[in-house]
Amino acid sequence: MRRTGLLAAAALICLAGCSGGNGGTGGSGGSGGGAAQRPASAEQPGEPTASSTPAGPSGPYVALGDSYTSGLRIPPQVGTVPGCGRSGADYPSLVAGRLHVTSFTDVSCSGATTTDLTSPQRTGDGTNPPQLDALSADTGLVTVGIGGNDAGFLAVVGRCAVENVRHTLAGAGASTGGGAGGQAPCRSYYTDGAGRGEVGRKVDTAGERLGAAVAEIRRRAPQARVYVVGYPALLPADPTSCAATLGAGMAPGDVAFLAEQEQRLNAVLRQRAEAAGAVFVDTYSGSRGHDMCAGAATRWLEPPQPAAGLAALHPNERGAAAMAEAVLAAVAH
C-alpha cells in the first residue's frame with residue numbers, strides 16, 4: 001500500500017512539473033487537436049443523455065476554454081492545432097449537436113489561461129490564435145470554461161503530493177499506515193507554512209481575470225448568451241474513499257483540503273461570472289460520486305494512473321457528456 005501510494009504521489013508530482021503548467025483543471029499536451037471551425041454534428045453518444053433536445057440559441061456558437069473544455073485525449077482527437085488536444089466528443093461538440101446550431105467554432109485549448117483568450121497560445125504542437133478572435137457581433141452562444149490554470153490548481157495538487165512524500169519518507173505516520181499519520185502536511189504548508197495564503201490569492205486573481213474576460217466577451221459579442229462552465233468534482237466528499245486510488249500517497253486531510261480548494265475556485269468563478277452578466281453552469285454538484293477515486297465504470301474523471309489513452313485528472317467521455325448535459329440544462333432554463 002505504501003509503495004502504491006508513493007507511485008501515485010510521484011504521478012501527481014510529475015503531472016504538476018512535467019505537463020506544461022495546466023492547473024488541476026487542464027493538462028497540456030496530448031495527441032490530436034481540434035478544428036477551429038466545423039459544422040454542428042448530429043447528436044453524439046455519451047453518458048448521461050437527455051431524452052429531448054432543449055430549446056436554445058441557434059448559433060453561431062463559439063466554445064472557449066482549457067483542457068476540461070477541449071476534451072484532452074478523449075477520442076476522437078481532431079483538428080488543426082494538435083497541441084490543443086481537442087476532441088470531437090468534448091462537451092461543446094455535444095452541445096452543438098444537440099442544439100443543431102447554425103455554425104460551431106471550438107477554439108478551446110489544453111493549457112489555456114485567461115491570457116490566451118486575447119493572445120496566441122503556443123503549445124507543444126502548434127500555436128492557437130487568441131480565442132476571442134473567434135467571436136463576432138453575430139455570435140449567439142458562448143461557453144467558456146477557464147480559470148483553473150490561472151489558479152495553478154495542478155501545481156497545488158503536485159505540492160500536496162510533495163509534502164506527503166516528504167512526510168512519509170521521514171517516517172511520520174508509520175504507526176497508522178497512512179502517508180501523513182492522520183495529519184495534513186499540505187494543508188499545513190498552505191495555511192501555516194511557506195505557501196501561506198498562496199492558494200487564496202491565486203484563486204481570487206483567477207476570478208478577477210475571468211470577470212474581465214466575460215466583459216470582453218460581451219463587448220465583442222453583444223448579442224450572445226454567455227455561459228461560464230465550472231469544474232466537476234475531481235475528489236470525493238469522503239476523503240477516505242481515495243485510499244484505494246492514492247494509497248498512502250496522500251493524507252485524507254489533504255484530499256479534503258484539495259476538494260475544498262476546488263469548491264472555492266468554483267464559488268469565485270460563479271461570483272465573478274454572474275457579476276459580469278454571464279450564467280454560471282454548475283458541473284460540480286452533479287458529478288459528486290463520479291470523481292477520480294470512484295470505480296472505473298463510475299468515474300467521470302480519471303485518476304493519476306488513468307485508463308489507457310486518457311488524461312490523468314481530466315474528464316473521460318462520460319465526464320464530457322455529463323458536462324454537456326449541465327450546459328444544455330442551463331441553456332434551456
Side-chain angles (χ1 to χ4, degrees), residues 1-28 111 113 147-210 231 233-243 245-269 271 284 291-293 303-304 312-313:
M1 176 66 79
R2 174 160 296 185
R3 182 174 181 274
T4 299
L6 290 175
L7 287 173
L12 290 171
I13 294 168
C14 184
L15 284 167
C18 309
S19 67
N22 190 23
T25 51
S28 67
T113 67
N149 295 325
D150 294 79
F153 190 77
L154 186 53
V156 176
V157 175
R159 170 54 63 180
C160 282
V162 167
E163 294 303 315
N164 276 264
V165 167
R166 286 177 176 170
H167 210 76
T168 299
L169 294 180
S175 62
T176 63
Q183 301 177 35
C186 185
R187 185 188 293 272
S188 296
Y189 174 88
Y190 281 114
T191 55
D192 303 316
R196 181 176 181 179
E198 178 182 329
V199 177
R201 288 191 296 272
K202 288 185 176 180
V203 168
D204 289 341
T205 297
E208 293 172 3
R209 292 174 177 173
L210 174 75
Y231 294 102
L234 179 64
L235 294 159
D238 177 9
T240 62
S241 66
C242 269
T245 301
L246 298 178
M250 188 78 71
D254 283 338
V255 174
F257 172 75
L258 289 170
E260 291 164 10
Q261 301 318 303
E262 186 187 2
Q263 292 178 69
R264 178 176 181 179
L265 172 63
N266 274 325
V268 169
L269 295 179
Q271 179 185 27
Y284 191 95
D291 54 84
M292 73 174 196
C293 295
L313 311 188

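Since the model is a prediction, treat every value here as computed from it, not as a measurement. Counting begins at 1 with the first residue of the sequence. As a basis for the values below, the full set of heavy atoms in this structure was taken, side chains included, without hydrogen atoms, waters or symmetry mates.
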Indicate the atoms forming the closest heavy-atom contact of [X] with [Y], along with that distance.
| X | Y | answer |
| --- | --- | --- |
| Ser241 | Pro236 | OG-CG, 3.2 Å |
| Ala251 | Asn164 | N-OD1, 2.8 Å |
| Met292 | Leu313 | SD-CD2, 3.5 Å |
| Arg196 | Thr191 | CG-O, 3.2 Å |
| Leu265 | Ala206 | CD1-CB, 4.5 Å |
| Phe257 | Cys160 | CD2-SG, 4.2 Å |

Please check: side-chain N/O of [X] versus main-chain N/O of [Y], any donor-acceptor pairing under 3.5 Å?
| X | Y | answer |
| --- | --- | --- |
| Tyr231 | Gly147 | yes |
| Glu262 | Leu234 | yes |
| Asp254 | Cys186 | yes |

query = Do the charged groups of Arg166 and Glu163 touch, with an N to O distance under 4.0 Å?
reply =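 Answer for the salt bridge query: yes.
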
What's the spacing between [X] [atom1] and [Y] [atom2] if we round to 0.5 Å?
| X | Y | atom1 | atom2 | answer |
| --- | --- | --- | --- | --- |
| Leu269 | Arg264 | CG | CZ | 11.5 Å |
| Thr113 | Asp150 | OG1 | CG | 5.0 Å |
| Arg209 | Lys202 | CZ | NZ | 10.0 Å |
| His167 | Met250 | NE2 | CE | 13.0 Å |
| Leu246 | Cys293 | CG | SG | 5.0 Å |
| Gln271 | Leu210 | CD | CG | 11.0 Å |

inquiry  = Can you confirm if the NZ or CZ of Arg159 lies within 45° of the ring axis of Tyr190 and under 6.0 Å from the centre of its six-membered ring?
reply    =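 Here Arg159 fails the 6.0 Å and 45° test against Tyr190.
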
inquiry  = List the residues meeting side chain to side chain donor-acceptor pair (under 3.5 Å) with Thr205, not counting sequence neighbours, and say none if there are none.
reply    =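 Partners of Thr205 under the side chain to side chain donor-acceptor pair (under 3.5 Å) test: none.
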
